[in-house]
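Below: one structure, written as structure tokens.
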Amino acid sequence: MCGIVGIVAKTAVNQALYDALTVLQHRGQDAAGIATYEDGRLFLRKSAGLVRDVFHTRHMLNLRGRMGIGHVRYPTAGVSSNAEAQPFYVNSPYGITLAHNGNLTNSEQLKRDLFEDDLRHINTDSDSEVLLNVFAHELKRLGKLRIDSNDIFRAVEGVHKRCSGGYAAICMITGVGIVGFRDPNGIRPIVYGKRETDLGTEYIIASESVAIDVLGFELIGDIGPGEVVFISKEGALLTKQCAPIREIAPCIFEYVYLARPDSIIDGISVHKARMRMGEALAHKIERDWGDHDIDVVIPIPDTARTAALELAHELGIKYREGFIKNRYIARTFIMPGQAMRRKSVRQKLNAIGLEFEGKNVLLVDDSIVRGTTSSQIIQMAREAGANRVYFASAAPPVAYPNVYGIDMPSGDELIGYNRTVDEIGKLIGADKIIYQDLDDLVSAARKGNMDIQRFDLSCFDGNYVTGDINESYLNRIEAQRSDAAKATRAASQNALSDLYSSEEELSTGV
């Protein structure tokens, strides 16, 4: 769940890339980076931290040029690491940088192939570096000193043939242009847009449409599954379908939690989808719990507000803001390690006692993943004086790992794994728990675009759309993603921190 952006403009792009990354900060708070191009030179700045902390005036002044890409990182298998901050760079061929969102499900095989057949070395644990090297090798095998759009399209065709999983990527080829492409199932989101200026047309590619809106661009549309968008450094835009057209299957968790509500993904308004989730949840309460004694509906800020407001409206119950959020604490879902998540919940939220005291409260959240946050919030509600605390989730139980770029860990760390709804309610300490039905969730999203016949629902139903996920693969990612594994890697990286620089900057001529 990283955030990516690429811009080809008529004036300097450093500030626009910075602004886009701040808008996409919700997609990754571990690291940030920007790469730009000017007059045969590549300029790169990346480091661990938030966008505002990574880029200072001296860095921005050095990011020269009218073409560039940016990235905000959210780690899945990894932990906070400067080495895995993006964009990644390879000097051969041509000098290529890459910003990637998603996860390759055959990255281990690709690593072996890259070393044994392509003679390429992978220096990190990131599958983004693997994707970059696959793309670089597909370009290099063409054996051309100068390349054009057709060569780039051929290279991406090779990428799609070799790579499996969910991925959206933006590559900048030094002196050539920017390339945006998406996996053949369209799992991870990516959109593009344009704006007219006195100097000519400028183009942008980004993870979400909100970045396009905020920067004053006009949304052209989503990059389709297997489609490639190429923007030359001169500002010419070309597109091509570079993989057989498959049934689009966007990740439904984008609409539940990941994306900003003001984004439109695959023609679906995230805000409207969340409203419909709240409506459906209200109808379920009316159907299955008609004699409820709920006094007030209170959302868990921020993602659940839209669904909670619509739920309260449908039920005719008071809606109140009961928690004040500290906006300077990162999203707890994407924090590595249970200890950090537990600590940050108390730092992030504080209850308004008057809204809880003596009342039967229905708390509404977007989803329940590990249950750590939910149990602490329920306890906070009780401490604030709530009489009874009910808990509603706008999504069904999360019961299976996500393998396409979201840090939903091993099954035994997911509270919905092999447990009944009543068992989950007892574990998190709720007097009653209400989950969204999967069919209602699908309907809530699909009503925004009836042309979409399928979503990736793997974290809810265990059906993986790429068809290449088996028990062996799930066991391997469990070993990588569990909190224990992350703690071990964090200790190792901390031990090395005194030996290596905490930042990376690059200026290279070509």
So, taking the atom named CE in Met275 and the one named CD in Glu310, what distance separates them when rounded to the nearest 0.5 Å?
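It comes to 4.0 Å.
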
What distance separates Cys163 SG from Leu110 CG, expressed to the nearest 0.5 Å?
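It comes to 5.0 Å.
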
Between [X] and [Y], does at least one N-O distance fall below 4.0 Å, as a salt bridge requires?
| X | Y | result |
| --- | --- | --- |
| Asp213 | Arg260 | no |
| Asp151 | Lys144 | yes |
| Lys10 | Glu202 | no |
| Arg188 | Glu254 | yes |
| Arg276 | Glu279 | no |

pair [X]-[Y]: side-chain heavy atoms closer than 4.5 Å:
| X | Y | value |
| --- | --- | --- |
| Asn14 | Phe43 | no |
| Val179 | Val156 | yes |
| Thr306 | Met277 | no |
| Leu44 | Lys46 | yes |
| Leu441 | Tyr255 | no |
| Val403 | Leu474 | yes |
| Tyr404 | Ser458 | yes |
| Tyr192 | Ser209 | no |

Mark yes when over 12 heavy atoms from residues, nucleotides or ligands other than Phe153 sit less than 6.0 Å from its CZ; otherwise mark no.
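Buried by this count: over 12 neighbours within 6.0 Å.
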
[X] side chain vs [Y] backbone, donor-acceptor pair below 3.5 Å:
| X | Y | value |
| --- | --- | --- |
| Ser367 | Val369 | no |
| Lys284 | Gln436 | no |
| Glu84 | Thr124 | no |
| Arg274 | Ala394 | no |
| Gln25 | Val51 | yes |
| Asn449 | Gly267 | no |
| Asn106 | Arg162 | yes |
| Asn103 | Gly405 | no |
| Gln241 | Ala243 | yes |
| Asp183 | Asn185 | yes |

Given side-chain hydrogen bond (donor to acceptor under 3.5 Å, both in side chains), test Asp468 with Thr105 step by step and report yes or no.
CA-CA 8 Å; Asp468 59 345; Thr105 55; 2.8 Å; yes

Do you know the tightest heavy-atom contact between Arg370 and Ile415?
O-CB, 3.5 Å

Check: Tyr37/Thr97 side-chain N/O donor and acceptor closer than 3.5 Å:
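Checked: Tyr37/Thr97 side chains show no N/O donor-acceptor pair below 3.5 Å.
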
Will you find, in the side chains of His26 and Tyr74, an N or O donor that is under 3.5 Å from an N or O acceptor?
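Looking only at side-chain atoms, Tyr74 and His26 do not form any donor-acceptor pair under 3.5 Å.
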
Check the angle between the aromatic planes of Phe181 and Phe135 and answer parallel, tilted or perpendicular using the 30° and 60° thresholds.
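If you compare the ring of Phe181 with that of Phe135, the planes turn out tilted.
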
With side-chain contact (heavy atoms from CB on, under 4.5 Å) as the test, would you mind laying out the steps for Arg141 and Asp118 before giving the verdict?
CA-CA 10 Å; Arg141 66 190 298 182; Asp118 303 347; over 6 Å; no

